[in-house]
Amino acid sequence: MILEVDDGGRLETIAVIGDSTDHVVNDRRFIGGYRLNASGYESIWFDKAVWDVTLLAEDAYFKTYRLTRKAS
């Protein structure tokens with residue numbers, strides 16, 4: 001899964017392993033997964049209460065989502 005994170009005009013593209021679009025912890029919904037870094041895998045999750053999530057593209061191998069920080 002590819003996450004394009006737009007945080008106030010700063011765009012970061014993150015490739016995560018797996019496809020977890022709806023992970024729930026303590027009644028809060030998250031999108032994310034695990035990405036590879038120098039020391040192994042790093043857990044990276046975005047709270048859907050803080051981020052708008054839009055599916056940009058989908059094929060047999062990848063889904064690409066755009067995450068945009070909601071106005072506060």
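The structure presented is a predicted model; accordingly, all values stated were derived computationally and were not measured. All residue numbers in this chain count up from 1 along the given sequence.
Between Lys63 and Glu58, the shortest heavy-atom contact is CE-OE2, 3.1 Å. For the pair Arg35 and Ala15, the tightest heavy-atom approach, listed with the atom from each and the gap, is CB-O, 3.3 Å.
Put simply, the side chain of Ile44 does not reach to within 4.5 Å of the side chain of Tyr34, judged on heavy atoms. Val25 places none of its side-chain heavy atoms less than 4.5 Å from the side chain of Trp45. Contact annotation: the side chain of Leu67 approaches that of Ile31 to within less than 4.5 Å [non-hydrogen atoms, C-beta and beyond]. A heavy-atom distance below 4.5 Å is found between the side chains of Arg66 and Leu11. In this structure the side chain of Phe30 never reaches within 4.5 angstrom of the side chain of Val24, judged on heavy atoms.
Using modelled atom types, one side-chain atom of Asp6 and one backbone atom of Gly9 make a donor-acceptor pair closer than 3.5 Å. The backbone N or O of Ala49 sits less than 3.5 Å from a side-chain atom of Asp47, completing a donor-acceptor pair.
For the atom pair OG1 of Thr68 and CH2 of Trp51, the computed distance is 8.0 Å after rounding to the nearest 0.5 Å. Once rounded to the nearest 0.5 Å, the distance linking CE of Met1 with CG of Leu55 reads 10.5 Å. To the nearest 0.5 Å, atoms CD1 (Ile17) and CD (Glu42) are separated by 11.0 Å.
Taking hydrophobic clusters as Ile, Leu, Val, Met, Phe, Trp and Tyr residues chained together by side-chain heavy-atom distances below 4.5 Å, Leu56 does not share a cluster with Ile14. Criterion: ILVMFWY side-chain heavy atoms under 4.5 Å apart, direct or through other members. Under it, Val16 and Val50 are part of a common hydrophobic cluster.
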Take Leu36 and Tyr41 through the test side chain to side chain contact (heavy atoms under 4.5 Å, CB included) and record every step on the way to the result. CA-CA 5 Å; Leu36 189 59; Tyr41 292 105; 4.0 Å; yes

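At a threshold of 4.0 Å, the pair Glu12-Arg69 does not count as salt-bridged, since none of the basic side-chain nitrogens sits closer than that to a carboxylate oxygen.
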